[in-house]
Amino acid sequence: MRKVTSKILFIIILNTILVQALTAQTKTINQKVDSVLSLMTLDEKIGQLNQYNDDWTATGPVTLDKDKRGQIQHGQVGSLLNCMGTERTRSWQKIAMQSRLKIPLLFGQDVIHGFKTTFPIPLAESCSWDLDAIELSARIAATEASASGIHWTFAPMVDICRDPRWGRVMEGAGEDTYLGSKIAYARVKGFQGDKLGELNSVMACAKHFAAYGAAVGGRDYNSVDMSDRQLWETYLPPFKATVDAHIATFMTSFNDLNGVPSTANKYLLTDILKNKWGFDGFVVSDWGAVGEMIEHGNVKNGYEAAQAAINAGCDMDMESRDYKNNLEQLVKDNKVSITRIDDAVRRILRKKFELGLFADPFRFCNADREQMELNNPNHPIAARNIARESIVLLKNQHHLLPLSKDTKTIAFIGPLVKAVKQNKGFWDVEVPGTDSSFIVSQWQGLENKVGNKTKLLYAKGCDIDGNNRNGFAEAVKVAKQADVVILSIGERRDLSGEAKSRSNINIPGVQEELLKALLATGKPVVVLINAGRPLVFDFTADNAPAILYTWWLGSEAGNAIADVLFGDYNPSAKLTMTFPLSVGQIPIYYNHFNTGRPAKNDNDRDYKSAYIDLSIYPRYEFGYGLSYTTFQYSKLQLNKKKIKSGEQLEASATITNTGNYDGEEIVQLYLHDLVSSIVRPVMELKDFRKIKLKAGESKTITFVIDKEKLSFFNQQLQWVAEPGEFELMIGASSRDIRLKDRFELVE
Ligand code: BGC
């Protein structure tokens with residue numbers, strides 16, 4: 001009897017505290033978090049730090065738990081990933097509501113470039129340089145995902161990368177730190193909206209912290225060894241930008257950095273992220289990365305792995321189970337302090353409160369809203385707009401493009417013409433209950449575009465890989481009947497992405513041979529290259545009269561490509577990664593140092609920093625991309641030639657559309673610090689403008705240069721601007737500099 005009474009009493013007290021904790025309007029979230037924390041057992045606390053995969057999809061080794069349900073009922077799981085759809089998330093959340101403290105689960109998902117509506121892969125999108133459109137695409141992804149029960153996306157991926165062999169370049173924003181930081185900021189804003197807790201916002205996650213994109217040899221998961229200066233200057237700023245955008249979470253990277261796996265890297269997770277940058281969200285490990293430290297060789301077993309990771313500042317363990325299996329003992333053994341555990345739990349609970357999940361754990365599980373948002377007619381419109389802004393025109397001899405809408409016969413040839421899902425690229429989301437009918441294939445896009453006076457012919461020609469040439473004859477026959485041929489070739493979508501490093505980044509199989517056969521017909525051939533990374537395609541680059549790099553454009557790919565082919569959209573995208581001439585040049589990037597023996601050109605090789613058997617120049621440089629029109633740059637004016645540290649300098653230039661089409665130009669500002677205490681890159685992007693100009697129209701744009709743009713990390717890792725001379729360059733790409741001047745920073 002006494003036992004029962006005390007139990008009832010306990011429940012009453014518990015409920016009173018919970019009610020107070022959850023309803024008091026006046027209480028801050030921190031106070032509410034503390035109230036909940038004060039009720040939790042150590043087991044329940046550890047539960048919050050534990051994230052499991054739902055049973056149906058996985059991006060790592062599958063670890064099925066027979067008692068996942070039981071663990072959730074006992075408050076031993078804080079989050080699930082790969083769990084989506086209002087029905088399924090509701091059913092798991094109901095189980096969490098059976099736990100003693102009813103702490104809601106967080107549902108996380110890789111919403112990398114759209115949810116149902118699929119946007120271009122992030123690398124493609126970055127080529128639009130359109131920050132508003134990029135933010136909008138993340139906003140729409142968040143709207144659909146949150147309507148489908150998701151609270152948290154594992155995006156944006158903000159890893160800078162200079163190596164196209166690495167398959168994960170498709171997930172990022174390319175090689176440049178300045179542009180990458182702007183895009184990182186825009187994506188966080190898009191995902192999280194004005195504030196967490198709004199129904200159409202999801203938590204964003206900056207990944208992979210840090211320097212994952214610098215994996216040796218472009219081999220996924222490989223080690224990274226780099227100077228602090230390069231880390232701070234090139235790889236960390238996009239992460240810092242996400243903190244400035246109030247990002248909710250961070251993910252550790254798989255690699256070791258200078259010998260310390262990121263998941264146990266206190267310097268990164270605590271010293272920099274939490275202490276220096278003041279990040280108040282939580283850090284999740286990458287899939288299994290806590291346990292993988294045993295393979296790395298810096299710990300002996302799961303016990304040591306959990307100790308190293310939690311003490312370094314990794315708050316949540318994704319799928320390794322080492323926190324679940326070892327933290328209690330580690331606390332008992334005084335290897336992990338309860339203060340550290342409490343800090344990690346607090347960080348996670350705070351986000352659950354901010355999302356409004358304590359007030360209503362099912363607030364993202366509204367099936368009507370899910371139906372409405374997954375079928376929102378505005379979403380494909382936005383996807384089409386950003387898709388066409390992502391297509392890069394690499395070559396256009398004799399103005400072959402845009403094609404005339406009066407073309408009588410078009411042959412659309414290639415293994416990707418009628419492909420449907422391929423257009424989504426890697427890291428798409430298989431939304432439950434949807435089929436592929438909403439994805440516009442390239443064939444369908446062309447059919448939608450041309451009128452009934454144009455005849456469309458099709459031949460597959462060959463497969464993406466393999467060496468079967470049996471389809472060539474049919475393709476040539478079809479080409480001969482046409483006025484113009486469009487050839488769609490490239491990678492399969494699963495040739496780029498996680499664990500998709502390639503040592504040979506040519507266009508696979510016999511696809512370029514097919515092009516050769518088609519060119520032999522004498523017909524004009526427009527080549528579409530579909531890929532998740534910069535590829536090497538010498539034959540195509542040298543011989544095809546017109547090339548559009550279409551990447552993977554998402555569910556509106558077909559319509560977007562047709563818009564560009566026929567000039568309903570004038571291409572404006574510019575490359576955000578250098579395209580090498582050959583893998584032998586990798587890593588290759590525009591903002592390199594000059595060296596003590598720079599080669600002036602390809603004839604200047606003797607004892608110079610050059611190759612004896614290869615050009616020093618890339619195939620296509622950073623910032624490159626053509627338009628159907630032409631732009632002239634003129635009248636560079638600097639409002640002063642000397643600036644003091646607190647002052648600003650204005651550089652203006654006039655851009656004129658000198659061609660026959662309305663168009664958009666991405667005007668790029670580069671700076672070069674000519675002499676400084678530490679060697680500086682030959683040029684660095686410091687600003688850009690994307691401007692629309694009607695044919696014949698001129699606009700004057702002004703760049704503002706302040707101390708921030710002139711600063712760098714010196715040898716002591718201080719962010720400084722040193723007095724001296726700077727070169728200012730304004731151009732249409734990193735090699736196509738149209739205007740130049742110099743100015744001086746004085747004390
Ligand atoms: C990837 C992460 C991803 C996670 C969850 C890992 O393999 O590296 O980027 O967020 O899986 O799917």
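Each ligand, and each atom within it, is numbered from 1 in the order the structure gives. We number each residue from 1, following the sequence as shown. Here the structure is a predicted model, which is why all the values come from computation and not from measurement.
Applying the 4.0 Å criterion to heavy atoms of Lys207 picks out, from ligand 1, the atoms 2 (C), 3 (C), 9 (O), 10 (O). For ligand 1, the atoms lying closer than 4.0 Å to a non-hydrogen atom of Met251 are 2 (C), 10 (O). Listed by number with element, the atoms of ligand 1 under 4.0 angstrom from any heavy atom of His208 are 2 (C), 8 (O), 9 (O). Contact atoms of ligand 1 toward Phe154: 10 (O) (distance under 4.0 Å to a heavy atom of the residue).
Using bins of under 30°, 30° to 60° and over 60° for the plane-to-plane angle, the ring pair Phe254/His208 lands in the parallel bin. Under the 30°/60° scheme for interplanar angles, the aromatic rings of Trp277 and Phe209 are found to be tilted. Ring pair Trp232/Tyr267 is perpendicular by interplanar angle, where above 60° counts as perpendicular and below 30° as parallel.
Taking any N or O of Asp286, backbone or side chain, at least one lies under 3.5 Å from an N or O belonging to ligand 1. By the 3.5 Å distance cut-off applied to N or O atoms, Tyr212 is not counted among the residues near ligand 1. Checked against a 3.5 angstrom limit, the closest N/O atoms of Arg168 and ligand 1 fall inside it. Residue contacts with ligand 1: Glu498 is placed with a nitrogen or oxygen under 3.5 Å of a nitrogen or oxygen of the ligand (distance criterion only).
Heavy atoms of Met157 found under 4.0 angstrom from ligand 1: none, in either backbone or side chain. At a heavy-atom cutoff of 4.0 Å, ligand 1 is contacted by the side chain of Leu81 but not by its backbone.
Counting heavy atoms of neighbouring residues, nucleotides and ligands inside a 6.0 Å radius, atom CZ of Arg363 exceeds 12 of them.
At least one test fails for Arg369 against the ring of Phe364: distance under 6.0 Å to the centre or angle within 45° of the axis. Remark: Lys207 is positioned above the aromatic ring of Trp427, its terminal NZ or CZ atom under 6.0 angstrom from the ring centre and at most 45 degrees off the axis.
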Review point. Please walk me through it: do Lys351 and Glu354 pass salt bridge (charged side-chain N to carboxylate O under 4.0 Å, His left out)?
Key: CA-CA 5 Å; Lys351 293 303 159 202; Glu354 286 175 17; 3.0 Å; yes
